[in-house]
Chemist: 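Quick one: this structure, given as structure tokens, is what I'll be asking you about.
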Amino acid sequence: MKNLPIDDFDIKSFQDDLISWFEREQRKLPWREDRDPYKIWVSEIMLQQTRVDTVIPYFRRFMEKFPTIEALADASEDEVLKAWEGLGYYSRVRNLHAAVKEVEEHYGGTVPDTPEEVSKLKGVGPYTAGAILSIAYGLPEPAVDGNVMRVLARILSIWEDIAKPSARKVFEEVVRKLISRENPSFFNQALMELGALVCTPKSPSCLLCPVREHCRAFREGTIDELPVKSKGKKQKQIRLQAAVLEDEDGRILIHKRPDKGLLANMWEFVQVEESTVLPARQVLKDYLGDVFKIEAALETEHFTEIRHVFTHLIWDIRVYHGKILNQVQETNELKCVPPDEIETFAFPVPHQKIWKAFREQAKSEKVKDIKG
DNA sequence: AATACGGGGCG
DNA sequence: CGCCCAGTATT
């Protein structure tokens, strides 16, 4: 690694200012109530790519439902996925579930405390490994997330592009030089807390910053230029046709997605990608017939249109209402369920939006009936 | 090194 | 609305 200019940097004083600020100002968070490595682990997985405010209610519910490693290891995948519904990046919870079973079986239910072992767990990468080892076990391991890169890029004036995968290693080496041996847990948490509360991406509160005197970007007036972060590319757009289908008993047809890829193992209303050549409704009818042997009478017009933006793609879904005319052959992936049971299945947000729109339009039809 | 993988908040 | 945020696995 390039020799970073930290020779004239007062490490001890920086650690003290940072950690004492954290002791004064840290937020009370449910996963900070004790040092249970299981709780730290679950919280860190939830916090990947996800804001604290979003995570808090999920964490509480998750801990109530699965208070221990054993409880989670014994749960079914559907149950676990349901607890994660709406949080996104669902492979996180499938990996967590698998890893917890691994800990239960091979480590006697105790989260391992070495970098080698903890890094082998599914879903535990360099950041999460460092977070568990430092926060739960007090080991001086770096835990470099986006906050840490932003904070350190500013403090030490590091002009590395933090969007590049190679950047993380640079910052890990920096943390190894800076980390407090007395309190690695608070040191790492303080860097992240500072990034979340003070050293924010836009208009950071430098005047409130406990380590302003150590900050090169502040001194040099480059706060708004750091960190350097290149932009990603734009999303691919996908047009989909979906249908809320009722059988003769008013039950709703739902489909379980494949166990790999986007939204793996989540439930959805049947949907198919729009064709560029065939008329819109025909694609859906053909799909239902060819794949599920379902004959359906679809209404001519879609009742709602849903747009959902993912990181790497955009779904535009036209949603039709229809009745199933023949007998549905139910399988593990295909079910008809009563409307009041729909919400017991784990649906991705775009299909939660479909269900919401469906109920709204059903309601408005009723109002029309009464008026008419 | 590049891509797949959700969802929410803010202006 | 568009823009921004943020780790791991896979290829």
Side-chain angles (χ1 to χ4, degrees), chain A residues 40-58 81-99 118-133 141-153 160-172 188 191-193 195-197 199-204 224 227-238 257-268 305-317 346-353 356:
Chain A
I40 306 290
W41 181 11
V42 171
S43 72
E44 290 301 342
I45 299 294
M46 286 187 172
L47 287 163
Q48 289 169 9
Q49 312 292 90
T50 313
R51 301 181 135 69
V52 166
D53 289 341
T54 307
V55 166
I56 289 172
Y58 280 91
L81 206 49
K82 180 65 190 173
W84 208 267
E85 180 189 46
L87 251 192
Y89 287 118
Y90 300 96
S91 67
R92 289 186 295 175
V93 75
R94 296 190 302 125
N95 287 334
L96 173 65
H97 195 206
V118 90
S119 299
K120 262 187 227 150
L121 298 170
K122 275 196 171 59
V124 177
Y127 163 73
T128 308
I132 293 172
L133 292 166
E141 290 291 322
V144 173
D145 70 350
N147 286 313
V148 171
M149 288 196 279
R150 181 175 61 256
V151 169
L152 291 180
E160 207 75 32
D161 180 356
I162 66 166
K164 294 212 178 309
S166 53
R168 202 200 68 245
K169 289 182 190 298
V170 173
F171 288 91
E172 282 175 350
N188 280 343
L191 278 182
M192 294 187 271
E193 194 82 340
L197 300 181
C199 194
T200 47
K202 275 175 297 185
S203 52
D224 292 333
V228 175
K229 187 174 185 184
S230 55
K231 305 217 184 292
K233 28 185 98 163
K234 41 184 174 293
Q235 303 101 327
K236 184 182 162 202
Q237 186 173 353
I238 299 178
R257 296 176 60 87
D259 65 359
K260 291 206 184 315
L262 183 66
L263 303 169
N265 288 353
M266 303 283 287
W267 290 86
E268 63 183 7
E305 206 159 340
I306 304 285
R307 162 165 284 216
H308 191 78
V309 180
F310 298 85
T311 307
H312 57 300
L313 49 86
I314 301 173
W315 274 4
D316 278 307
I317 319 174
F347 280 76
V349 167
H351 282 244
Q352 293 175 26
K353 292 180 189 165
K356 186 166 186 290

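So you know, we letter chains A, B, ... as the sequences are listed, proteins then strands, and number each from 1.
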Chemist: What's the CG-C1' distance between A/Leu87 and C/dG7, to the nearest Å?
Modeler: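 Those two atoms, CG and C1', are 14 Å apart.
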
Chemist: Output the rounded distance in Å from NE2 (A/His312) to P (C/dG7).
Modeler: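 Between P of C/dG7 and NE2 of A/His312: 18 Å.
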
Chemist: Report the nucleotide, chosen from C/dC4, C/dC5, B/dG7, that has the shortest atom-to-atom distance to any side-chain atom of A/Phe310.
Modeler: B/dG7

Chemist: Should A/Thr128 be listed as having a side-chain N or O under 4.0 Å from OP1 or OP2 of C/dT8?
Modeler: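 Checking C/dT8 against A/Thr128, a side-chain N or O does come within under 4.0 Å of OP1 or OP2.
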
Chemist: Closest approach to the side chain of A/Gln48, judged atom by atom: which nucleotide of C/dG7, C/dC5, B/dG7 is it?
Modeler: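 When the side chain of A/Gln48 is considered, C/dG7 is the closest of C/dG7, C/dC5, B/dG7.
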
Chemist: Return the 5'-most residue of the pair A/Arg51, A/Pro126 with respect to DNA chain C, ranking by each residue's nearest nucleotide.
Modeler: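 It is A/Arg51, whose closest nucleotide lies nearer the 5' terminus.
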
Chemist: What contact category does A/Ile45 fall into here, base, sugar-phosphate, or nothing, at under 4.0 angstrom with non-hydrogen atoms?
Modeler: nothing

Chemist: Could you state the atom-to-atom distance from CG of A/Asn95 to C1' of C/dT10 in whole Å?
Modeler: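 In whole Å, C/dT10 C1' lies 12 Å from A/Asn95 CG.
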
Chemist: Scan A/Gln49 against the nucleic acid and name what it touches under 4.0 Å (heavy atoms): base, sugar-phosphate only, or nothing.
Modeler: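 Touches a base.
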
Chemist: Send over the distance from A/His308 NE2 to B/dG7 P, rounded to a whole Å.
Modeler: 5 Å

Chemist: How many angstroms lie between atom CG of A/Asp161 and atom OG of A/Ser166, to the nearest 0.5 angstrom?
Modeler: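 It comes to 8.0 Å.
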
Chemist: When rounded to the nearest 0.5 angstrom, what distance separates NE2 in A/His308 from CD1 in A/Ile317?
Modeler: 8.5 Å

Chemist: For A/Ser166, which contact category applies under a 4.0 Å heavy-atom criterion: base, sugar-phosphate, or nothing?
Modeler: sugar-phosphate

Chemist: Rounded to whole angstroms, how far apart are CG on A/Leu263 and P on B/dC5?
Modeler: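 Rounded to the whole Å, the gap is 8 Å.
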
Chemist: Which is true for A/Val124 with a 4.0 Å heavy-atom rule: it touches a base, it touches only sugar-phosphate, or it touches nothing?
Modeler: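 If one applies the 4.0 Å heavy-atom cut-off, A/Val124 turns out to touch the sugar-phosphate alone, with no base involved.
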
Chemist: Has A/Tyr90 got a side-chain N or O lying under 4.0 Å from the OP1 or OP2 atom of B/dG7?
Modeler: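 For B/dG7, OP1/OP2 do have a side-chain N/O of A/Tyr90 under 4.0 Å.
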
Chemist: Using whole Å, report how far NZ of A/Lys260 lies from C1' of C/dT10.
Modeler: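 Going from A/Lys260 (NZ) to C/dT10 (C1'), I get 11 Å.
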
Chemist: Base, sugar-phosphate, or nothing: which does A/Arg94 touch, judged by heavy atoms less than 4.0 Å apart?
Modeler: nothing

Chemist: Between A/Leu313 and A/Tyr58, which has a closest nucleotide on DNA chain B that is more 5'?
Modeler: A/Leu313

Chemist: Flag the pair A/Glu85 and A/Lys82 as a salt bridge only when some basic side-chain nitrogen lies within less than 4.0 angstrom of an acidic carboxylate oxygen.
Modeler: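 Yes, this pair counts.
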
Chemist: With distance as the sole criterion, is a donor-acceptor pair present between the side chains of A/Gln48 and A/Tyr127 under 3.5 Å?
Modeler: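 Result is no, nothing qualifies.
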
Chemist: What's A/Lys231 touching, base or sugar-phosphate or nothing? Going by heavy atoms closer than 4.0 Å.
Modeler: sugar-phosphate

Chemist: Whole-Å distance between B/dG8 P and A/Asp53 CG?
Modeler: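 Computing the A/Asp53:CG to B/dG8:P distance gives 13 Å.
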
Chemist: Go through B/dG8, B/dC5, C/dT8 for me and flag the one nearest to the A/Thr311 side chain.
Modeler: B/dC5

Chemist: With heavy-atom distances below 4.5 Å as the criterion, would you say the side chains of A/Phe310 and A/Ile238 are in contact?
Modeler: no

Chemist: Taking atom P in both C/dC5 and B/dC5, what distance in whole Å separates the two?
Modeler: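 Here C/dC5 and B/dC5 have their P atoms 23 Å from each other.
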
Chemist: What distance separates A/Leu121 CG from A/Ile132 CD1, expressed to the nearest 0.5 Å?
Modeler: 7.0 Å

Chemist: Atom CD1 of A/Ile132 to atom C1' of C/dG7: distance rounded to whole Å?
Modeler: 13 Å

Chemist: Check every atom of C/dT8, B/dC5, B/dG7 against the side chain of A/Tyr127 and return the nucleotide holding the closest atom.
Modeler: C/dT8

Chemist: Base, sugar-phosphate or nothing for A/Lys122? Non-hydrogen atoms, less than 4.0 Å.
Modeler: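 Counting heavy atoms under 4.0 Å across all strands, the contact made by A/Lys122 is with sugar-phosphate only.
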
